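The model shown is predicted, which means the values in this text are computed figures rather than measured ones. Residue numbering restarts at 1 for every chain, and letters A, B, ... go by the order of the sequence lines.
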Number of protein chains: 2
Amino acid sequence: MSDTARSESPPSRRLRLGPAEHSLLGMLASAESEGIHGYDLARQYTVGALGEIIRLEPGMLYHHLKKLDRFGLLTTQVERQSDRPDRQIHTLTEAGASQLHTWLREPVQATREIRLDFLLKLLFTRRLAPERLHDLVQQQRAVLATLAGSLERQVNAPVADADALERRMVLRLRLAQTRAAIDWLESLLPLGDDA
Amino acid sequence: MSDTARSESPPSRRLRLGPAEHSLLGMLASAESEGIHGYDLARQYTVGALGEIIRLEPGMLYHHLKKLDRFGLLTTQVERQSDRPDRQIHTLTEAGASQLHTWLREPVQATREIRLDFLLKLLFTRRLAPERLHDLVQQQRAVLATLAGSLERQVNAPVADADALERRMVLRLRLAQTRAAIDWLESLLPLGDDA
DNA sequence: AGAGCCATGTAAGAGGTTACATGATTAG
DNA sequence: CTAATCATGTAACCTCTTACATGGCTCT
């Protein structure tokens, strides 16, 4: 909502971004043209790998863009068009790029975050800084390996009662999912851009 | 908030319950005593297998209980105590039990629902109707096997462009997670109550 | 005397879904 | 003429999280 100058935006609460918002920063950073508008982004979120990973409806997309603008992570300029509706052209700021790259460097802590958060990190690291891909995968592998170790210890603990039996069922699923994620990460490692 | 008779509750919107609410129905159904109160439930959600599967804070727990009462899936009676605060004793209704068992019979459709929804179904089927355990696991296995087949076909499709390459990375993770879930289900199948 | 349990909640806000509103232009 | 595309949103409604309010009792 700013027009080049971010003017009188209230500094809002504290900043905490979700995967959708980080991915928007990633889209701005990896755009061929300098700026993108919301409608264009919305289209890109319905196709390809991005569409497989996350679903982002126009309502939320525009909402996120406003929030990112409020926090100064992007700037917005109006592009007037004679024949079509005006466009809000968004451009990443320094703060936005810094926020993005901090996020890209952090591996996720839980296995369930692999499916969404880590896939996004992988995607945008591939597009923006492929030289860091190897590190990203290795670090994530290390985090999950530690987790797997802890799960193994719990699974192998002696079963005292019925409840411990149920708990073990749960932990064995977690362990299986974590190991599958680790195997997948390792299968990625050649990184010679094969399948 | 009914007091034996559900009196003047507004019929509310349509009924759609989440995993937390279904698990509450399950807790009522598997209670040793006829009724349970919220505080007791809250304690049980912090320990054992249930605590591993789902986290349910008091605020949400009481909120869910109210909603289930509004829909007539449970009844609520006040038990006065002289020395301690009054208790709201909740009991499952016919409608509640029917809702629960319908849910228990349905396998989940996506791999990511295994972690929460299916584990709950497994847990409560074990407690309430262990004779259906085998069927539940087999049906879930079948659903995931179909999914895995579809993923395999997509993964093996020829890669045309860079985007298809990224998409394949994503699909390979999905496939790995789905296969891990299938293996785990199969490891459950002996059902001789071993680890 | 103070901590913590018992028991039930409310309050405030973040986050998300679904559906629709607008209004011009272009394609079938 | 109808439908879709372009472009940006609003409105209503859920859900979930986090934190705290209450007030008597018991334990140390």
Inset, instruction - Begin with the C-alpha distance, continue with both residues' side-chain angles, and end with the deciding distance and a verdict on side chain to side chain contact (heavy atoms under 4.5 Å, CB included) for A:L165 and A:D161. - result: CA-CA 7 Å; A:L165 216 128; A:D161 48 7; over 6 Å; no

Legend entry - Contact state string [nucleotides 17-28 of chain D, B base, S sugar-phosphate only, - no protein heavy atom under 4.0 Å]: BB----B-SS--

Inset, instruction - Please work out whether the ring planes of B:W184 and B:F118 are parallel, tilted or perpendicular, with thresholds of 30° and 60°. - result: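 Ring orientation of B:W184 relative to B:F118: perpendicular.
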
Does [N] have its OP1 or OP2 closer than 4.0 Å to a side-chain nitrogen or oxygen of [X]?
| X | N | result |
| --- | --- | --- |
| A:H37 | D:dT8 | yes |
| A:K67 | C:dG16 | no |
| B:Q88 | C:dA7 | no |

Inset, instruction - Assign A:D86 to base, sugar-phosphate, or nothing according to its heavy-atom contacts below 4.0 angstrom with the strands shown. - result: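 Touches sugar-phosphate only.
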
Inset, instruction - Could you verify whether a donor N or O on one side chain and an acceptor N or O on the other, from B:H64 and B:E21, lie under 3.5 Å apart? - result: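 There is such a pair (donor and acceptor under 3.5 Å, judged by atom type) between the side chains of B:H64 and B:E21.
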
Inset, instruction - Rounded to the nearest angstrom, tell me the gap between atom NE2 in B:H90 and atom P in C:dG9. - result: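 Whole-Å distance recorded here is 7 Å.
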
Legend entry - Nearest-angstrom distance from the residue atom CG of B:D40 to P of C:dA7: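 Going from B:D40 (CG) to C:dA7 (P), I get 8 Å.
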
Inset, instruction - Measure the shortest side-chain to side-chain distance between B:R174 and B:T111 over non-hydrogen atoms and say whether it is less than 4.5 angstrom. - result: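 With C-beta onward as the side chain, the pair stays apart.
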
Inset, instruction - Nearest-nucleotide wise, let me know which of B:H63 and A:L17 is further upstream toward the 5' end of DNA chain C. - result: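 Upstream on the strand: B:H63.
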
Inset, instruction - Only one of B:R168, B:R179, B:R172 passes salt bridge (Lys or Arg N to Asp or Glu O under 4.0 Å) with B:E152; say which it is. - result: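 Of all the options given, the one that passes is B:R179.
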
